[in-house]
Number of protein chains: 2
Amino acid sequence: MTLFLAIYGKGGIGKSTTSANLSAALALKGARVLQIGCDPKHDSTFPLTGHLQNTVIDVLNEVNFHHEEIEVDDVVKVGFAGVNTLEAGGPPAGSGCGGYVVGETVKLLHEFGLYNKYDVILFDVLGDVVCGGFSVPLNYADYALIIACNDFDSIFAANRLCLAVEQKSERYKVRLAGIIANRVDHELGGGTTLLDEFAARVGTRVVAQIPYHDLIRRSRLAGKTLFELDHPDQVICTTPFEQLAEYLLNGPLAEVPQPMGDREIFEVIGGW
Amino acid sequence: MTLFLAIYGKGGIGKSTTSANLSAALALKGARVLQIGCDPKHDSTFPLTGHLQNTVIDVLNEVNFHHEEIEVDDVVKVGFAGVNTLEAGGPPAGSGCGGYVVGETVKLLHEFGLYNKYDVILFDVLGDVVCGGFSVPLNYADYALIIACNDFDSIFAANRLCLAVEQKSERYKVRLAGIIANRVDHELGGGTTLLDEFAARVGTRVVAQIPYHDLIRRSRLAGKTLFELDHPDQVICTTPFEQLAEYLLNGPLAEVPQPMGDREIFEVIGGW
Ligand SMILES: Nc1ncnc2c1ncn2[C@@H]1O[C@H](COP(=O)(O)OP(=O)(O)O)[C@@H](O)[C@H]1O
Ligand SMILES: Nc1ncnc2c1ncn2[C@@H]1O[C@H](COP(=O)(O)OP(=O)(O)O)[C@@H](O)[C@H]1O
Ligand code: SF4
Ligand SMILES: [Mg+2]
Ligand SMILES: [Mg+2]
């Protein structure tokens, strides 16, 4: 049985950095992993391959959307620790829809017979809008994970994501496996105070804390996962991903969140 | 003739802060202004009113989408310097579409006879996705303005916005009036070096520079425009908005941008 994960969060919050290092940690534990980037930036898999790969939409455009003319290797590459990588890409600027892009990608996986080939399939999805289109990965996912940091904007986006998971859980199998706290800084950033408050209010938990660390920033720029770097602080940075991989493979939380009202969140998390 | 402006930019870049202070500057020069927030966060007009107003979708929901039961005052409020404010809101989390929300809002403006009542109508729109839905304001706009700061992520979003403006300019009147540089920091943030490079490449210009200043951050938190604050640095912060208002009222640039390719932008702006 393939485990489908959907990693969501506000743009720039660290979804791709987290996804790539989580995929690496899962693969190092022996899992066969496919990571699918669903962000117009199409740089989700860069830390795993060191390259910007062509998106599904780019490749389909080249063959005028004749699926039968595409080979698997045109869209699926192999990265660090054998993680397979695929970039769905974003809707064409000004006209497309995020939902269509994800739908086309899942169709291709079925046509290639890849849909059930992996132990874990991980969607890395932009979570700023949470419209019908960008929620499509929730139709396939077993678990959603929300990445946020200890600030209002990313928590506001996390609350809308909880709303989407709550709604989708009525008709689909998806459940919330928790909040991943990124850029955690106990000295200057308040640790996870706001995140803990938010998680408690919506009925979930912070299941991983990833430190704000320059090594993480530089690994991303270098197109490498944290597991490939030789640095005294490597273990501080890789441990949260190993623990997260362990948590997900051994039966994570499976909750239906109770999101806060829009006004309530401004009061509780203090957007002001 | 009403001047329609569409202000776009990545989430958290400072669209609402900029829109509210620009609306205020325009109103203080005598223009009748309507500001329309088109972001799920629906806090675009907060600096003008000090309140979170109900969104069009909230209000329509209450009357089961019977437009005829809504009064103007249910959705249009009055803020600082007489600026009229309206929050379109975002697509319902998990199911709606950004395009539908904006379409409903414009329909209401026509029904209330407001579409041509103002000197300036300003749309404040989330620019992370630039899909068909969130591009709808470009169908009504005379000018698009893109807010970015001197970093890769916001410039990547700006490039996709240029792509959308280029495409829309074939069938609609919209043209690009330039880039607004926000959070400009000459000491620590590199000034506008990357933005100038980007603007030159796509055939536009940086038309305003708004400093990174704690007074701007605090004004937003306080629910006030910069024009209402009594502080020695007030003039440094309000001047860019007055100059921008002057520029827009006196015939701005009207360009069709030539966006960079996705790969090119990673190389030139150095996402890595
Ligand atoms: N824990 C962290 N510590 C330091 N920098 C980080 C951390 N997580 C992410 N970053 C940096 O933040 C930027 C955005 O990360 P990215 O993973 O691309 O975000 P997203 O995929 O959500 O848009 C990158 O430059 C990355 O290096
Ligand atoms: N020039 C600036 N200097 C300092 N802080 C700023 C500046 N512009 C915006 N901010 C802060 O950035 C945050 C996001 O701004 P906001 O206008 O809400 O962004 P958006 O509407 O693009 O999501 C706010 O907390 C605001 O105070
Ligand atoms: S559903 Fe979402 S991604 Fe699709 S067009 Fe609408 S706002 Fe854009
Ligand atoms: Mg990403
Ligand atoms: Mg805003």
For the aromatic rings, using the six-membered ring if either is Trp, is the centroid distance between A:F266 and A:F156 under 6.0 Å? yes
Quick one: are the ring centres of B:Y140 and B:Y172 less than 6.0 Å apart? no
Contacting moiety of B:K41, where chain A heavy atoms sit under 4.5 Å: both
With distance as the sole test, does A:N159 use its side chain to make a donor-acceptor pair with the main-chain N or O of A:I155 at under 3.5 Å? no
Answer with side chain, backbone, both or neither: which region of B:N54 has an atom nearer than 4.5 Å to a non-hydrogen atom of chain A? both
Between A:E197 and A:R201, does at least one N-O distance fall below 4.0 Å, as a salt bridge requires? yes
Presence of salt bridge, B:D142 and B:K173, under 4.0 angstrom: yes
Tell me if a side-chain donor or acceptor on B:N182 pairs with a main-chain N or O of B:I147 at a distance below 3.5 Å. no
Which one, A:P40, A:G12, A:A164, A:G90, leads in non-hydrogen pairs under 4.5 Å with chain B? A:P40
According to the interplanar angle, ranging from 0 to 90°, do the rings of A:F4 and A:F123 count as parallel (below 30°), tilted (30 to 60°) or perpendicular (above 60°)? parallel
Positions in residues 125-135 of chain B that reach chain A, provided some heavy atom is under 4.5 Å away: B:L126, B:D128, B:V129, B:V130, B:C131, B:G132, B:F134, B:S135
Pick from A:R218, A:K10, A:K168: which one has the most heavy-atom pairs with chain B under 4.5 Å? A:K10
Is B:T55 reaching over with its side chain to a backbone N or O of B:D58, donor-acceptor style, under 3.5 angstrom? yes
Heavy-atom contact with chain A under 4.5 Å, split by part of B:P259: neither
